[in-house]
Trainee: 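For reference, the structure I am asking about is given below.
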Amino acid sequence: MRCYNNIRCLFVIAVSRQGGVGKTTIAAALVQESDIRTSFEKIVWVSCGQEPNMHELQESIHEQLCGSAIPPEATSPSLVLEALRDAAK
């Protein structure tokens, strides 16, 4: 958990294990629960797979948060991070 300015908190939950044991099924069921959905302002879902593509994951997160792609001027890792932080506000 990360809290920014003691106001907003970011929770990240990662599930890792061998394929085929039901991780996605359990996680998908959890995010559909009304108690879970009402406990969070935003829920972002990414699946990393065996060989994650960081750029695609970042694009997916940004689009889920604000409905648009990462701005084209975000050409460095620090600018991409800034764009993601802005999208999460």
Side-chain angles (χ1 to χ4, degrees):
M1 175 179 74
R2 274 210 187 146
C3 293
Y4 298 98
N5 300 326
N6 293 326
I7 297 172
R8 298 182 58 108
C9 292
L10 171 67
F11 294 87
V12 176
I13 300 171
V15 182
S16 174
R17 195 73 177 154
Q18 69 190 46
V21 296
K23 301 176 299 294
T24 301
T25 302
I26 291 171
L30 281 173
V31 299
Q32 296 306 316
E33 289 289 324
S34 61
D35 288 345
I36 299 294
R37 295 199 75 74
T38 58
S39 296
F40 296 93
E41 192 175 318
K42 298 178 182 182
I43 296 176
V44 174
W45 181 284
V46 292
S47 180
C48 296
Q50 294 293 321
E51 296 180 26
N53 179 314
M54 189 60 69
H55 178 73
E56 287 178 6
L57 293 173
Q58 291 167 332
E59 284 287 349
S60 176
I61 291 167
H62 194 274
E63 188 158 327
Q64 289 179 63
L65 288 171
C66 67
S68 64
I70 293 174
E73 59 271 12
T75 56
S76 68
S78 62
L79 291 174
V80 170
L81 180 58
E82 183 178 331
L84 290 167
R85 283 185 177 152
D86 288 345
K89 292 180 180 176

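Numbers here simply count residues along the sequence, with the first being 1.
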Trainee: Could you report the tightest heavy-atom contact between I70 and A74, atom names first, then the distance?
Mentor: CG2-CB, 3.7 Å
Trainee: Going by atom type alone, with no hydrogens or angles, which donor-acceptor pairs under 3.5 Å involve a side-chain atom of residues 13-37 and a protein atom two or more places apart or on another chain?
Mentor:
residue	atom	partner	partner atom	Å
K23	NZ	R17	O	3.3
K23	NZ	Q18	O	2.8
R37	NH1	V31	O	2.9

Trainee: Looking only at heavy atoms, which two atoms of P71 and H62 are closest? And how far apart?
Mentor: CD-NE2, 4.0 Å
Trainee: Shortest non-hydrogen contact from I43 to Q64?
Mentor: O-OE1, 4.3 Å
Trainee: Less than 3.5 Å apart, which donor and acceptor atoms pair up between the side chains of residues 46-58 and the rest of the protein, not counting sequence neighbours?
Mentor:
residue	atom	partner	partner atom	Å
N53	OD1	H55	N	3.0
N53	OD1	E56	N	3.0

Trainee: With a 4.5 Å limit on heavy-atom distance, are the side chains of L65 and K42 in contact?
Mentor: yes
